[in-house]
Amino acid sequence: MSAAKPVVRLALLGCGTVGSEVVRLLHEQADDLTARIGARLELVGVAVRRIGRARGDLPVAPGLFTSDALGLVKRDDVDVVIEVVGGIEPARGWLVEALRAGKSVVTANKALLAEDGASLHDAAAEGNADLYYEASVAGAIPLLRPLRESLHGDRVTKVTGIVNGTTNFILSSMDSSGAGFGEALDEATELGYAEADPTADVEGFDAAAKAAILASLAFHTRVTAADVFREGMTGVTAGDVASAKEMGCTIKLLCICERGPDSSGTESVSVRVYPAMIPRSHPLASVGDAFNAVFVEAEAAGQLMFYGPGAGGTPTASAVLGDIVAAARNRLSGTRAPSESNYAHLPIRPMGEAVTRYHISLDVADRQGVLATVAGVFAHHEVSIATVRQSGRDQDAKLVIVTHGAPDANLAATVESLSKLDIVRSIASVLRVEGGV
Ligand code: NDP
Ligand code: HSE
């Protein structure tokens with residue numbers, strides 16, 4: 001008779017969109033997981049907020065539910081704590097407790113990692129414990145492990161991505177079907193993509209958190225959400241979408257993380273999130289619905305693209321399960337995941353020094369000298385114009401100007417000066433441009 005398999009005991013904190021899918025996959029794939037790990041995974045408790053809530057036909061014995069998450073974390077028989085609740089507290093307290101006690105942690109909580117990843121990494125080091133968080137960025141896409149392991153022999157220079165499924169769903173709907181913002185947001189919420197409070201998605205906080213996590217891994221530097229320049233997409237209008245279309249472009253909420261010298265020549269890191277126009281020929285332009293895609297540029301590897309489902313219960317649970325398997329294997333073999341790498345300590349470059357390009361649409365008086373005056377403002381701020389288009393006449397005259405790259409502060413000052421000109425009736429839209437427009 002063969003010896004009984006060892007058991008790795010799991011505590012699940014949260015059983016909502018993601019957590020319920022984690023439970024389902026653990027149940028459905030139990031035999032395969034046992035064979036792959038060489039140990040049986042046993043769910044010993046599930047912490048939720050409302051024990052009495054109906055949870056359909058979830059394969060969990062009712063007795064496993066508890067509202068005492070901390071009590072569950074502290075149990076001696078728990079090996080791996082899986083946190084899919086979200087938010088800063090009480091999640092931080094639970095995870096720090098678990099890690100310090102040497103328990104492995106798997107979390108999808110990007111808000112916490114971006115706000116105070118340091119506390120978690122420090123606790124993991126203290127407890128010699130594993131901290132895995134693949135699901136926190138770009139849902140099902142294997143992205144953090146490649147950055148944390150596969151690319152550790154290379155020097156990553158830039159990471160550009162669509163990392164928020166909800167806003168990509170909304171912008172794609174606005175672009176393809178002309179759907180309104182509210183209608184598209186409601187659909188994204190129904191599909192389980194949006195956060196409990198969709199402000200985090202549409203105002204770019206979610207993407208900024210993910211940008212901080214990506215930049216930290218890519219540049220071996222602790223980057224927090226507070227270091228990320230952020231603009232959401234609520235200001236993107238149907239007019240902007242139409243204007244982008246006229247230029248052969250589409251609008252995407254991008255996260256951009258890059259390293260390079262600042263104005264004084266010091267190597268530094270710029271991390272930013274904003275809606276930007278990109279040409280339709282750009283690979284990111286065809287990323288629709290709630291899909292995510294991330295470009296990684298590295299000195300030796302060149303350009304890599306990661307693409308896939310970026311949100312939703314089942315895809316996210318896939319990433320969580322991958323981390324559970326890794327943590328369980330480590331426990332069996334007595335090894336650990338690579339610990340945090342933050343040796344580079346690169347400074348954060350202010351947004352004003354980031355080199356960007358603007359697309360500016362102006363309603364102007366159609367009379368002699370207008371173009372020269374407008375061009376003079378750009379020259380005054382040392383911003384070079386790439387293209388100018390004029391349409392309409394008299395009251396309807398419109399100028400659309402796309403700049404070459406310039407420090408963002410110069411571009412912002414140009415817009416400010418333009419707004420003060422008598423001949424400029426209004427600034428219809430200002431959007432940054434990425435890619436070769
Ligand atoms: P949900 O809101 O669907 O689920 C949250 C779960 O946490 C619920 O089961 C809730 O209990 C439980 N909970 C809330 N507060 C407490 C508490 N104080 N004690 C114990 N349990 C509590 O969230 P999601 O599943 O959508 O997201 C979970 C995490 O995964 C978040 O960090 C999110 O950012 C991240 N994530 C989500 C993705 C997605 O597509 N949804 C994708 C990638 C990451 P109850 O059921 O009783 O309400
Ligand atoms: N609300 C997030 C999104 C979930 O829409 O991308 C995935 O992190």
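This structure is a prediction, so every number in the text was calculated from the model and none was measured. Whatever order the structure lists ligands and atoms in, that order sets their numbers, starting from 1.
The salt bridge (Lys or Arg N to Asp or Glu O under 4.0 Å) pairs that include a residue from residues 199-225 are Lys110-Asp206, Asp122-Arg222, Asp206-Lys210, Arg222-Glu340, where partners are two or more places apart or lie in different chains.
Nearest to atom 3 (C) of ligand 2 by heavy-atom distance, out of Asn164, Val163, Val202, is Asn164. Of the listed residues (Ala111, Gly310, Gly139), the one carrying the non-hydrogen atom nearest atom 7 (C) of ligand 2 is Gly310.
Using a 4.0 Å heavy-atom criterion, the residues that approach ligand 1 are Gly14, Cys15, Gly16, Thr17, Val18, Ala47, Val48, Arg49, Arg50, Arg53, Arg55, Val84, Val85, Gly86, Trp94, Ala108, Asn109, Lys110, Ala135, Gly192, Glu195, Ala311, Gly312, Thr316.
The protein non-hydrogen atom at the shortest distance from atom 5 (O) of ligand 2 is Thr166 OG1, 2.6 Å. For atom 6 (O) of ligand 2, the nearest protein heavy atom (residue, atom name, distance) is Gly165 N, 2.7 Å.
Of the heavy atoms in Asn292, none comes closer than 4.0 Å to ligand 2.
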Test salt bridge (charged side-chain N to carboxylate O under 4.0 Å, His left out) applied to Lys103 and Asp79, step by step: CA-CA 5 Å; Lys103 291 168 187 173; Asp79 301 305; over 6 Å; no
Glu434 vs Tyr274, side-chain hydrogen bond (donor to acceptor under 3.5 Å, both in side chains): CA-CA, chis, key distance, verdict: CA-CA 11 Å; Glu434 297 288 330; Tyr274 42 71; 2.9 Å; yes
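Counting heavy atoms from C-beta on, the side chains of Val106 and Glu83 never come closer than 4.5 Å.
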Please set out all donor-acceptor pairs under 3.5 angstrom arising from side-chain atoms of residues 54-63, sequence neighbours excluded.
{"residue": "Arg55", "atom": "NH1", "partner": "Cys15", "partner atom": "O", "Å": "3.4"}
{"residue": "Arg55", "atom": "NH2", "partner": "Arg50", "partner atom": "O", "Å": "2.8"}

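Applying the salt bridge (charged side-chain N to carboxylate O under 4.0 Å, His left out) criterion to Arg155, with sequence neighbours excluded, gives Glu267, Glu299.
Side-chain atoms of Ser341 and His220 include a donor-acceptor pair closer than 3.5 Å.
Remark: Ile324 CD1 to Ile37 CD1 distance equals 8.5 Å, nearest 0.5 Å.
Using a 4.0 Å cut-off to heavy atoms of Lys210, the atoms of ligand 2 that qualify are 2 (C), 3 (C), 6 (O), 7 (C), 8 (O).
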